[in-house]
Peer 1: 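Dropping a structure here in structure tokens format, bear with me for questions.
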Amino acid sequence: MKRPRRLVAVSNRAGPVKGAAAAGGLAVGLVGALREYGGLWFGWSGRVAAPGKTRLHSEKIEGLTLATLDLTQKDFDGYYNGLANGCLWPLLHFRMDLTHFEREHLDAYRRVNDQFARQLGRLLRPDDLVWVHDFHLFPLAAELRRRGARQKIGFFLHTPFPPTEILSTLPQHDWIVRSLFAYDLIGFQTKPDLARFHDHIRRAAGGRVQGGVVSAFGREVQTGAFPIGIDVEEFHRFAFTASGEREFHRMRKALAGRDQIIGVDRLDYSKGLLRRVAAFGRYLEANPQAHGQVIFLQVAPVSRGMITSYREFRHELERAAAHINGRFGRFDWTPVHYLNRALPRRTLAGLHRASRIALVTPVRDGMNLVAKEYVAAQDPADPGVLILSRFAGAAQQMGAALLVNPFDGEEMALALHQARAMPLEERRNRHARLMRCLHEYDVKRWRDEFVAALSATRARRTGAGAAIGTA
Ligand code: ADQ
């Protein structure tokens, strides 16, 4: 493959680059790609400024350029809290009941995508390869094309893609889907997501699908599934060196022979936390011999705390955890431990290693990197057991985990029982199979395959498609 001259990544929030190891899986994957291809990362600066005072910041860090834009409070509220997180996020996770649509949020969403396109357009070089990330930026390519951009532009959706019946409940869904046709490549996490997109195009947009090529609105776009992975060696190393190793020993000592079940998630209703806590309660109820022998540690930092549904959800979770501790706890044993903050990645790796079981049970998830990180952090000679929701994209590859339906509390409680009783040989066997798939679909493959597929799309002869999605 011929190397592109420069890769430009665009995401809602760009940076930080330096502390990227502390910033979660996606940032790590992106920074790796940008370093490899010598690139530019563009996105929101994380700052709000008064109207007329928003600025574009640019800095060079470790071989890549970080360009970030401030937003006004009004735009940030409408675009980020309003349309992206209050409307698109729940809808993409099949939660019509939580979807809240306001025209003025859509207006802010368009305005911000327009500002991004205006500022980014000035920074682009003719043969750049542009990789846009996630649902905050669906119409970005359409806005760039309107300004004459002819570069190859790809889009990757980190969330699931919902069934057409759900997507069609979104006012203006046709505008959003139409705007996607200004891209050259659209990537999804899994084949079922890709299939749902194809189905939507056939049924709601009257389009055609041939192989990976989708035609609608007078345009053709290439589509594919590109499951995201992690840097397996790096995460394993985190668990076995320096602070990860220290954390592991500290945790093992504190556990004093008890088994730990771990959950690590952003505090988000899509992660199935309430059902998970309830399933743990059910397990304790059915297994009195486990009392005093097992603890459940849930690490869940607050995210999107400005949004009402998130605030309510946090309180519900705290109540559920307190309820179990009140009901089953003893003066020398607290069954549920709940940490409401983000932890350094090395610490997390050590905690994963010290945990006998990981309970990763989202009700819907694009991929779920935590499941992969837990497996990577295990000692192959004595590995823990992953219990994974069938509705996480990761379940498509990680069939060697104990797969559960997060809506079935009894099945989850039984899986906990099975995991605690699992013989060493079976644990090793499942872990080896999981590691093979982690290596097969690691983060490098994800970014290399996406970039190769985007490079291989046909070049545009004109800025045609300019009108797509901007009506
Ligand atoms: P998220 O919904 O954020 O990502 P996930 O894939 O689990 O979900 O990634 C979270 C990342 O944040 C992981 O690297 C995890 O270690 C880290 N993290 C979580 N809790 C943490 C804590 N308490 N302290 C520190 N770090 C923490 C979205 C989609 C997913 C998709 C990813 C990547 O919703 O489905 O897998 O993007 O595409």
Side-chain angles (χ1 to χ4, degrees), residues 9 11-13 19-33 84-85 88-95 131 133-136 155-162 187-190 192-193 225-232 234-235 238-239 243-244 247 262-273 297-304 310 337-353 355 358-377 386 388-389 391-398 438 441-443 446-447 450:
S11 55
N12 162 60
R13 179 80 169 89
L26 170 62
V28 174
L30 266 188
V31 169
N85 292 331
L88 295 176
W89 174 269
L91 194 87
L92 292 164
H93 289 83
F94 302 18
R95 292 295 302 266
W131 188 1
H133 291 264
D134 234 359
F135 58 96
H136 312 85
F155 178 83
F156 184 77
L157 183 64
H158 290 262
T159 69
F161 191 85
F188 299 89
Q189 296 272 22
T190 68
D193 295 303
F226 301 87
I228 192 169
I230 62 166
D231 183 333
V232 188
E234 179 186 72
F235 207 81
F238 284 170
S243 51
E247 215 56 44
I262 194 167
V264 176
D265 309 77
R266 277 186 307 101
L267 193 56
D268 191 293
Y269 47 77
S270 68
K271 303 294 182 184
L273 299 176
L297 169 65
Q298 177 65 54
V299 187
V302 175
S303 77
R304 306 171 189 176
Y310 281 78
H337 292 213
Y338 175 40
L339 298 187
N340 207 202
R341 60 176 173 274
L343 297 174
R345 286 174 73 68
R346 287 178 167 77
T347 306
L348 269 185
L351 296 187
H352 278 315
R353 182 182 160 198
S355 302
L359 206 43
V360 184
T361 54
V363 288
R364 195 56 64 181
D365 216 332
M367 178 54 62
N368 196 297
L369 296 176
V370 172
K372 300 189 170 185
E373 291 167 354
Y374 174 75
V375 171
L386 172 65
L388 177 62
S389 162
F391 308 132
Q396 297 294 317
Q397 305 137 35
M398 303 180 83
L438 251 58
Y441 296 98
D442 68 354
V443 70
W446 171 68
R447 65 190 186 221
F450 190 91

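On a predicted model such as this, the values are computed, not experimentally measured, just so you know. Both counts, for ligands and for their atoms, begin at 1 and track the order of listing.
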Peer 1: Under 4.0 Å from a heavy atom of V299: which atoms of ligand 1 are those, numbered in the order shown and with their elements?
Peer 2: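 Ligand 1 atoms under the 4.0 Å threshold to V299: 23 (N).
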
Peer 1: Regarding ligand 1, does G366 bring an N or O atom to under 3.5 Å of one of the ligand's N or O atoms?
Peer 2: yes

Peer 1: Tell me every residue that passes salt bridge (Lys or Arg N to Asp or Glu O under 4.0 Å) with R95, counting only those two or more places apart in sequence or in another chain.
Peer 2: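 Partners of R95 by the salt bridge (Lys or Arg N to Asp or Glu O under 4.0 Å) criterion, ordered by chain and then number, come out as D97.
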
Peer 1: Determine whether the side chain, the backbone, both or neither of I228 has a heavy atom under 4.0 Å from any heavy atom of ligand 1.
Peer 2: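 The part of I228 near ligand 1 is the side chain, not the backbone.
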
Peer 1: With nothing but distance in play, are any N or O atoms of H93 less than 3.5 Å from an N or O of ligand 1?
Peer 2: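 No, there is no polar N/O contact under 3.5 Å.
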
Peer 1: Counting each atom of ligand 1 from 1 as listed, which ones have a heavy atom of R266 under 4.0 Å away?
Peer 2: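 The atoms of ligand 1 under 4.0 Å from a heavy atom of R266 are 1 (P), 2 (O), 3 (O).
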
Peer 1: Can you give me the closest heavy-atom contact between A371 and L388, atom names plus distance?
Peer 2: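 In this case the closest contact between A371 and L388 is CB-CD1, 3.9 Å.
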
Peer 1: Please state which part of W89 comes within less than 4.0 Å of ligand 1, counting heavy atoms only: side chain, backbone, both or neither.
Peer 2: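 Answer for W89: side chain.
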
Peer 1: Can a cation-pi geometry be assigned to R266 and W89, taking NZ or CZ under 6.0 Å from the six-membered ring centre and within 45° of the ring axis?
Peer 2: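 Judged by the rule, R266 and W89 form a cation-pi pair.
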
Peer 1: According to salt bridge (Lys or Arg N to Asp or Glu O under 4.0 Å), who are the partners of R13, at least two apart in sequence or on a separate chain?
Peer 2: none

Peer 1: Under a 4.0 Å heavy-atom limit, does R341 contact ligand 1 with its side chain, its backbone, both, or neither?
Peer 2: backbone

Peer 1: Hey, what's the ring geometry for F226 with F156, parallel, tilted or perpendicular (30° and 60° as the breaks)?
Peer 2: perpendicular

Peer 1: Which heavy-atom pair separates N368 from P362 by the least distance, and what is that distance?
Peer 2: ND2-CG, 4.0 Å

Peer 1: Testing H93, H136, H133 one by one against H158 for a ring pair (Phe, Tyr, Trp, His ring centres under 6.0 Å), which residue passes?
Peer 2: H133

Peer 1: Show which atoms of ligand 1 fall inside a sub-4.0 Å distance from at least one heavy-atom site of A342.
Peer 2: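 Here the atoms of ligand 1 in question are 22 (C), 23 (N), 24 (N).
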
Peer 1: Considering only heavy atoms of P301, which atoms of ligand 1 have at least one such atom less than 4.0 Å away?
Peer 2: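 Result: 22 (C), 23 (N).
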
Peer 1: Could you tell me whether some N/O pair between L343 and ligand 1 is separated by less than 3.5 angstrom?
Peer 2: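 For ligand 1, there is an N or O atom that lies under 3.5 Å from one belonging to L343.
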
Peer 1: Side chains of V264 and E373: does their closest heavy-atom pair fall under 4.5 Å?
Peer 2: no

Peer 1: Counting each atom of ligand 1 from 1 as listed, which ones have a heavy atom of V264 under 4.0 Å away?
Peer 2: 19 (C), 20 (N), 21 (C)

Peer 1: Give the atoms of ligand 1, by number and element, whose distance to some non-hydrogen atom of Q189 is under 4.0 Å.
Peer 2: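 That gives atoms 31 (C), 38 (O) of ligand 1.
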
Peer 1: Has S355 got a side-chain atom pairing as donor or acceptor with L351's backbone, closer than 3.5 angstrom?
Peer 2: yes

Peer 1: Do any N or O atoms from the side chain of R353 and from the backbone of A239 form a donor-acceptor pair under 3.5 angstrom?
Peer 2: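 Yes, the answer is positive, given that a donor and an acceptor are paired below the 3.5 Å cut-off.
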
Peer 1: Please indicate whether any nitrogen or oxygen in L348 is less than 3.5 Å from any nitrogen or oxygen in ligand 1.
Peer 2: no

Peer 1: Quick one: does T159 get within less than 4.0 Å of ligand 1, heavy atoms only?
Peer 2: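 For ligand 1, residue contact (heavy atoms, under 4.0 Å) with T159 is absent.
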
Peer 1: Considering the heavy atoms of V370, write down every atom of ligand 1 situated less than 4.0 Å from one of them.
Peer 2: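 That gives atoms 7 (O), 15 (C) of ligand 1.
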
